[in-house]
Every structure is written in structure tokens, then in C-alpha cells.
2 protein chains.
Amino acid sequence: MTQLELARKGIISDAAELVAEREGLDPELVRQGLAEGSIVVPINSNHRGLVEPCGIGKGLKTKVNANIGTSSDYGDIDTELEKLRIAIACGSDTVMDLSTGGDITAIRHTIIANSPIPVGTIPIYQAGIEAIAKRGAIVKMTADDIFTVIEQHARDGVDFMTIHCGVTQKAIARLKNEGRLTDVVSRGGTFLIGWMLHNEQENPLYEQYDRLLELAREFDFTLSLGDGLRPGSLADASDRAQMEELLTIGELVQRAWDAEVQVIVEGPGHVPLNQIEANVQLEKRICKGAPFYVLGPLVTDTAAGYDHIAAAIGGAIAAAAGADYLCYVTPSEHLSLPDPDDVRQGVIAARIAAHAGDIVKGVKGAWEWDRDMSLARRNLDWERQTELCVDPAKAREFRARHPSNGLGCSMCGDYCALELVSQLLGNPSQEC
Amino acid sequence: MTQLELARKGIISDAAELVAEREGLDPELVRQGLAEGSIVVPINSNHRGLVEPCGIGKGLKTKVNANIGTSSDYGDIDTELEKLRIAIACGSDTVMDLSTGGDITAIRHTIIANSPIPVGTIPIYQAGIEAIAKRGAIVKMTADDIFTVIEQHARDGVDFMTIHCGVTQKAIARLKNEGRLTDVVSRGGTFLIGWMLHNEQENPLYEQYDRLLELAREFDFTLSLGDGLRPGSLADASDRAQMEELLTIGELVQRAWDAEVQVIVEGPGHVPLNQIEANVQLEKRICKGAPFYVLGPLVTDTAAGYDHIAAAIGGAIAAAAGADYLCYVTPSEHLSLPDPDDVRQGVIAARIAAHAGDIVKGVKGAWEWDRDMSLARRNLDWERQTELCVDPAKAREFRARHPSNGLGCSMCGDYCALELVSQLLGNPSQEC
């Protein structure tokens with residue numbers, strides 16, 4: 001039985017119990033969220049017991065995903081394992097293996113075997129690449145080729161899969177009609193759209209959606225409905241093509257729930273700051289509360305080299321508005337495959353964004369974390385401050401760099417405001 | 001005559017002309033903004049001709065300031081000049097010399113002599129430190145001591161000065177009544193509050209505000225009304241103490257305008273994401289449209305080591321809501337004095353935030369920058385993309401790291417979505 005099915009039958013699964021414990025919530029609340037679809041716990045039945053359950057959705061801490069994986073230019077498994085290790089050490093909640101280079105199957109097996117956190121994939125990558133190898137072109141891929149790869153990933157224990165079921169011929173017509181600046185930037189979306197245009201056929205993942213739901217139900221992998229038409233530039237954000245796909249995805253969410261399949265919805269992309277809240281509200285309305293998984297969003301197209309910062313801005317606003325799950329963006333986005341340090345930067349930036357959102361969403365423990373930090377700061381308790389930092393190792397590095405003579409840091413040296421105020425005001429609110 | 005006075009007389013000054021040229025605006029619009037106080041051009045009459053005029057305020061690009069300067073632990077002038085060089089190279093619009101260590105006067109002279117961008121200071125630092133040296137304690141400082149330092153900075157050509165005139169005895173009473181978590185975190189504020197409590201006297205910068213206005217008018221330095229009671233933790237944001245000071249500052253803005261003195265208002269600090277817009281709106285209302293200069297704001301207290309990211313989130317939201325000027329925060333905030341690389345990180349993060357705001361504020365050229373970048377991206381024109389990046393040198397580093405075999409980057413390798421879509425869709429919107 002899927003987590004959704006168990007919850008609907010009134011059963012609090014072991015996974016739901018563990019999620020509730022990690023979040024400090026009543027297990028019954030998690031069960032209710034699972035039953036209504038506002039919470040998912042991505043945990044493939046072939047992966048159960050090997051992975052720490054992670055809840056994503058309403059009332060829970062906003063989660064962070066790190067994408068790792070090889071590309072055709074860059075395919076060393078040891079580097080990927082190092083990236084996995086760093087992503088976990090930095091506090092990523094899930095990881096996606098997006099490998100497109102080397103022995104994709106072997107790499108996936110290795111990552112799953114070494115990951116204590118849920119693992120996601122985008123099977124269309126492997127299907128497309130195998131079609132090039134076996135049949136000479138992506139457009140020669142068959143529907144069965146795609147479903148074979150999905151089933152393979154499901155058997156391997158993949159906990160959630162991005163599948164672009166909402167890219168329909170109708171959406172492509174809207175895309176053409178729209179006249180976009182950067183037509184399609186989703187790689188999976190491109191594979192499918194290329195296939196659909198060449199073969200003049202409907203998207204097999206839309207047409208044979210029930211076949212997909214059967215697989216998802218059998219293995220209880222969570223369906224992450226990918227946004228193949230997500231905007232790749234601010235100019236294309238929130239346009240008719242994107243909205244057409246969202247409407248279809250809303251219907252597909254409903255069908256997933258009818259089949260007792262766990263489902264989340266993927267979102268943009270590149271979005272101007274003042275359109276982010278509307279994007280979140282629309283997803284929540286159209287998809288009836290299904291968890292929203294956003295990529296960034298990036299609030300400018302111009303920050304390559306620092307896209308983790310552009311994404312942190314968008315991600316924080318999205319999280320505050322109700323997004324449940326942030327896909328990290330690293331400093332190397334748009335330029336290069338991330339290296340292990342980029343993974344660290346990306347995870348920490350996304351965690352800061354998620355937490356900034358959680359504070360204002362009222363997620364349990366979020367406000368208290370900041371309060372504890374500020375209390376430690378006021379008390380000049382450096383050990384406690386360091387422990388409470390989003391990346392304690394980094395804080396320790398900075399603090400060690402220029403040891404101060406006083407209690408304060410080397411920024412203020414002898415003139416630490418907190419030391420002075422403590423002497424002068426007598427710290428009247430010490431008991432806060 | 002001050003820039004404000006000239007503008008009120010209907011004169012478009014050379015500085016206003018140059019500002020209009022840099023912003024691509026009608027000089028008459030800049031003159032009107034100067035006349036009504038919604039725009040300032042900080043340019044000390046002793047600095048005229050040596051500094052590139054920079055406009056801050058309504059309708060203009062959101063500006064970025066970099067704080068540099070020594071501390072008692074860390075006082076090498078060559079390092080400060082390197083930080084100045086990097087701040088300018090990375091696109092900072094202004095710089096503040098906040099030195100508190102070494103020969104403060106000599107350092108200021110050197111920074112002013114080497115800075116083509118406007119220079120700001122916080123004179124109370126020097127006044128307090130000299131009081132310790134000459135009189136044994138900050139609380140023994142006299143009002144004349146403070147004004148002597150301010151006049152010295154004015155004669156040296158400082159273009160804008162942070163002066164905490166709004167910290168009154170009434171505000172301290174509200175502070176005590178409030179029971180804050182982190183009472184006072186503004187160093188200048190602490191110096192003054194300590195003095196006021198010890199001497200049981202009103203803030204001399206409030207009491208003798210007209211004396212300050214005379215100096216500001218004589219040298220046309222811009223008054224930056226500091227927020228001595230800015231919140232130092234999310235828990236203290238937007239409280240009665242902060243608002244009491246803001247109300248006083250609003251009155252002081254009006255008096256500055258009456259004296260034809262250019263004035264801007266400083267703002268928080270640490271602010272939860274969902275209170276930022278209200279803070280900007282209140283400043284604009286209470287201070288009748290005076291430009292707003294925010295420090296961050298930081299949307300969480302827990303990001304030490306990455307506070308440039310927490311500040312970029314807050315700064316972008318503030319800029320979008322109408323803030324005119326962002327003071328950078330570096331990764332070393334709360335931990336250590338920034339080194340040259342921290343300055344680079346801080347300036348770039350603040351520029352990304354400012355630009356994200358400018359896009360949605362409709363600042364001239366902001367949208368077009370993103371559009372040009374995305375066009376270059378779609379056309380796989382790497383040279384143009386690099387030029388258009390917020391930090392072209394950084395983008396070049398990433399791009400060089402893992403050279404791709406194809407036209408795309410090493411992130412996607414052979415499976416570049418943009419290359420694929422171009423082949424498959426025939427790029428129908430090529431002419432965009």
C-alpha cells in the first residue's frame with residue numbers, strides 16, 4: 001500500500017510516525033496531510049528501511065533538494081559520491097541523481113546504495129540517451145522505451161521521479177503561439193517536445209498516464225510532475241504556455257490522488273520577484289494543495305556565477321508564500337557542472353531561503369532557532385552561536401581567521417556594541 | 001549652494017546632469033527629485049570634481065554601498081585600499097570608511113584620495129575613540145568633541161555621514177519599556193546611548209540639530225539619519241523602540257529639507273521576510289519620500305558565514321518595495337572583519353538584490369539587461385553572456401573549469417536543452 005492509501009485508511013505508517021517525530025508534530029496531522037495529498041513522504045517500497053523518511057508539504061519544514069550526477073563531459077562516480085556526502089553533511093533533505101554521462105544505471109545504483117536520504121531521478125534522460133545509442137536519435141524512442149526505464153528506476157528503489165506528463169500538444173501550440181524568448185529550457189521537456197513534434201503524436205506520458213500511475217502505485221514512488229515549459233528567462237515567466245501546462249498538471253494531480261499515488265508539482269524557473277507569490281498561489285489553487293517544488297526561482301537572468309543567490313531570493317519568497325520544497329541552484333548554474341564546493345554553496349543558500357520562509361510560515365521551531373541564536377549572540381556565547389549557525393564549520397573558519405582580543409569578534413574589536421550596551425544599559429532584558 | 005538648493009531654484013547642476021546621463025533619464029526629472037527630496041546626490045563641495053556623482057532615490061537604479069575600514073584588531077591601510085579597489089571593480093556605487101583602528105584620520109584621507117565614488121563615514125566612531133584616548137571614556141565625550149569631528153570629516157570632503165540624531169531619551173524609554181532580546185546593536189547608537197544614560201542628558205545631535213544642519217549645508221554633505229535602535233534580531237524587528245526613532249527621524253527629515261540639506265534615512269537590520277515591505281512603506285510615509293538606505297535587511301539571524309545571502313533576500317524584497325540604497329553585508333558579518341574576497345561577495349550579492357528589485361520597480365534598463373542576457377543564452381553566445389553577467393570574471397572562471405565539447409556548457413554536455421530545442425523547434429521566436 002502507498003503512504004497515501006495507508007493514511008486514507010486511517011493508518012499512521014512507520015514513515016509518517018518518523019516524519020512527525022522529526023518535525024515535532026502530532027503524527028495524526030501528518031496522516032491527515034498524507035490522506036488529503038497536501039503532504040508526501042517519498043519512500044519507494046524497495047527502499048523502505050534503508051532511507052530516513054522525509055515529509056514534504058503543508059505545515060512541515062520547507063525541504064531542500066540537491067541535484068548531483070554526471071554529464072557527458074564529466075563523469076567520475078567518486079566525485080558524485082563526494083557531492084552526495086557534502087549535500088547530506090550540509091543538510092540537504094533529498095538528492096536527485098541527474099546523471100547523463102558514463103554508466104547511468106551503475107551510478108544510480110551506487111548513489112542509492114550510499115544515500116540515507118530519499119533519491120529522485122528524471123528517467124526521460126536515460127530513455128533519451130539510450131534511444132540515441134540504440135536507435136540513433138531521441139525522436140526514435142518508443143513509449144515502451146520510456147516506461148521500461150521508469151520501471152527500472154522504480155525497481156532500483158528511486159523514491160521520487162520527475163516526469164513531464166503535462167507537456168501536451170495543446171501546450172506546444174500555446175508555446176508556439178506565445179513567441180517566447182527562450183522557448184524550452186527543461187532538458188526532459190525538450191526530449192519530449194522534440195519527440196512529439198517529430199512524430200506528430202501526443203506525449204506518451206500524458207496518453208498513458210494510467211500506466212504510469214500503476215507503476216507509481218506498485219512501488220509507491222512519488223510522482224513529481226515536471227514543468228517542461230517552465231520559463232527560462234524572466235520575459236517568459238507566467239505566460240500562457242506555462243499556465244496551460246499547469247492546468248493539465250492540476251488534472252493529473254487529481255487522477256494521481258484517485259489512484260492513491262503520492263504526487264508533487266514542479267514549478268519555475270526564472271520569475272520576476274513580484275510574480276513569485278502569484279505562481280505559488282496559482283499552483284496551490286489549481287493543484288488543490290499538492291506540495292509545490294520550485295527550481296529557484298531565479299529573480300534575475302544575469303546572476304550566472306552567483307545563481308545560488310538569485311535562487312535564494314526567489315526561494316525565500318516562494319517558501320514564505322507556501323512553496324514546500326526548494327530545488328537548490330548552485331553558483332555554477334548556466335555555466336558548468338557543479339563541483340563539490342558548489343554543492344555546499346547551493347545547499348546552504350537553499351537552506352537559508354527555506355528557513356527564512358519557515359519563520360514567516362510559522363513552521364514549528366523556526367522562530368525559536370533565530371531566538372536562540374540571538375540570545376547566544378547577545379550573551380557573546382561564541383560556542384553556542386557557532387553550533388546554531390546554518391553551517392557551523394564555515395562560521396568556525398571565519399571566527400578563527402582574525403582572533404579578537406576581546407569578547408566580541410574582530411569586526412568591532414574593542415568597540416563591540418553588544419559588550420558596550422551590556423556594560424552601559426545593564427542589559428535589562430537579560431532574562432528574555 | 002547645496003544640490004537641493006540649486007534644484008529648488010530650478011537649476012540643473014552639473015552633478016544632476018551627470019546623474020541623469022548615467023541613468024538614461026531626463027535631467028529635469030533628477031532636478032525635480034532633488035528639489036522634492038526624493039533624490040540625493042551626495043557630493044561634498046570639497047570633493048566636487050574628484051568624485052563621480054551618484055544619484056540615490058526615486059526612479060533611479062537602486063544603489064549599493066560597501067563598508068570598509070580598519071578595526072582595533074586589524075588595521076592595515078594597504079588591505080583597505082585593496083578592499084576599496086575590489087568594491088569599485090565589482091560595481092559598488094559608494095563606499096563607507098568605518099575605520100576604528102590605527103590612524104583613523106590618515107586612513108580616511110587615503111581612502112578619499114583614492115576613491116572615485118562617494119565616500120561616507122560615521123563620525124561618532126572617531127569621536128568616541130578619541131574620547132577614550134583623551135578623556136578616559138566615551139561617556140566623557142563632549143558635544144563639541146562630536147561636532148569637531150563632524151566638521152573635520154566635512155572639511156576632508158566626506159560626501160555623506162551617518163549621524164544618529166533620532167536616538168532621544170524618549171526612544172531610550174521606549175527601548176527599556178519594550179524589553180528587547182538584543183537591545184542595541186548599532187555601534188554608533190551604543191556610543192550615544194551610553195553617553196546619554198550616564199550623563200542623563202538628551203542626545204546632543206538631536207538637541208543641536210540646527211548646528212549639524214549648518215555644517216551639512218556649508219559643505220553639502222548628505223545627512224544619513226542613522227537608526228541607532230535598529231533591530232539586531234528578528235524578535236526585535238518593527239518594535240516600539242524602532243518606530244519611536246523613525247517618527248523622530250521623520251521630523252528631522254523635514255527640518256533638513258527646510259534648511260536645504262540633502263538627507264536620507266537608514267533602516268534595519270534584522271527583519272522577518274513578511275515585515276520588510278511594511279518597513280519600507282512606513283519609512284516612505286513617515287519620512288515623506290526621503291530615500292531609504294537599508295542594512296540588509298537580514299531575513300534570519302542564523303546565517304552567519306553566509307549573511308550576504310540572508311541580506312540579498314531581504315535587500316531584494318526591500319528594493320522591490322521601494323528602498324533606494326542597499327548597504328552590503330559580507331559573509332564575515334557577525335564573525336570577523338571582511339577581507340577583500342568578502343568585499344567582492346558582499347558587493348555582488350547586494351547588486352543582485354538591487355537589480356532584482358529594479359526589474360520589478362521598472363527602473364530604466366533593468367528589464368532590458370535580463371532580456372539581452374536571455375537572448376545571448378538562447379543563441380549560445382557565450383562571449384555576450386559573459387559580458388552581461390553581474391561578475392564577468394567569475395563567469396569566465398566557471399566556464400573555463402570544465403570546457404564542453406559542444407556549444408553548450410559542461411552542465412548539460414551533449415544534451416543542451418537550448419541546442420536541442422533550436423534543432424527541433426526551429427527556434428520560431430529567433431527574432432525576439
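By convention in this document, chain letters (A, B, ...) are assigned in the order of the sequence lines, proteins followed by strands, and residues within each chain are numbered from 1.
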At what distance, to the nearest 0.5 angstrom, does [atom1] of [X] lie from [atom2] of [Y]?
{"X": "A:His308", "Y": "B:Ile309", "atom1": "NE2", "atom2": "CD1", "result": "4.5 Å"}
{"X": "A:Asp358", "Y": "B:Leu273", "atom1": "CG", "atom2": "CG", "result": "11.0 Å"}
{"X": "A:Ser332", "Y": "B:Glu397", "atom1": "OG", "atom2": "CD", "result": "12.5 Å"}
{"X": "B:Thr182", "Y": "A:Asn379", "atom1": "OG1", "atom2": "CG", "result": "11.0 Å"}
{"X": "B:His334", "Y": "A:Met373", "atom1": "NE2", "atom2": "CE", "result": "8.5 Å"}
{"X": "A:Asp370", "Y": "B:Leu181", "atom1": "CG", "atom2": "CG", "result": "10.0 Å"}

Discussion item. At a heavy-atom distance under 4.5 Å, which candidate from B:Gly314, B:Ala312, B:Ala366 has the highest pair count against chain A?
Written reply: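 Of B:Gly314, B:Ala312, B:Ala366, B:Ala312 has the most heavy-atom pairs under 4.5 Å with chain A.
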Practice prompt. Find the one option among B:Ala376, B:Ala353, B:Pro331 whose heavy-atom pairs under 4.5 Å with chain A are most numerous.
Written response: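 Most heavy-atom pairs within the cutoff with chain A belong to B:Pro331.
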Which pair of heavy atoms, one from [X] and one from [Y], lies closest together, and at what distance?
{"X": "B:Lys394", "Y": "A:Gly305", "result": "CG-O, 4.2 Å"}
{"X": "A:Gly232", "Y": "B:Ser374", "result": "O-OG, 4.2 Å"}
{"X": "A:Pro272", "Y": "B:Trp367", "result": "CG-CZ3, 4.0 Å"}
{"X": "B:Ala303", "Y": "A:Val390", "result": "CA-CG1, 4.0 Å"}
{"X": "A:His355", "Y": "B:Thr302", "result": "CD2-OG1, 3.6 Å"}
{"X": "A:Ala395", "Y": "B:Ala304", "result": "CB-O, 4.4 Å"}

Side chain / backbone / both / neither for [X] at chain A, heavy atoms under 4.5 Å:
{"X": "B:Asp342", "answer": "side chain"}
{"X": "B:Glu178", "answer": "neither"}
{"X": "B:Pro392", "answer": "neither"}
{"X": "B:Leu234", "answer": "both"}
{"X": "B:Ile317", "answer": "both"}
{"X": "B:Ala320", "answer": "side chain"}

Worksheet item: Based on non-hydrogen pairs under 4.5 Å, which of A:Ile348, A:Leu388, A:Leu98 is most in contact with chain B?
Response: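 Among A:Ile348, A:Leu388, A:Leu98, the one with the most close pairs to chain B is A:Ile348.
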Worksheet entry | Intermediate values then yes/no, side chain to side chain contact (heavy atoms under 4.5 Å, CB included), A:Val299 and B:Ile359 | CA-CA 9 Å; A:Val299 292; B:Ile359 289 165; over 6 Å; no
Discussion item. So that I can tick it off, tell me whether B:Arg401 and A:Asp339 are bridged by a salt bridge, with the cut-off set at under 4.0 angstrom between side-chain N and carboxylate O.
Written reply: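 Salt bridge flag = yes for B:Arg401 with A:Asp339.
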Practice prompt. Answer yes or no: does atom CD of A:Glu277 have more than 12 heavy-atom neighbours from other residues, nucleotides or ligands under 6.0 Å?
Written response: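 Result for CD/A:Glu277: open.
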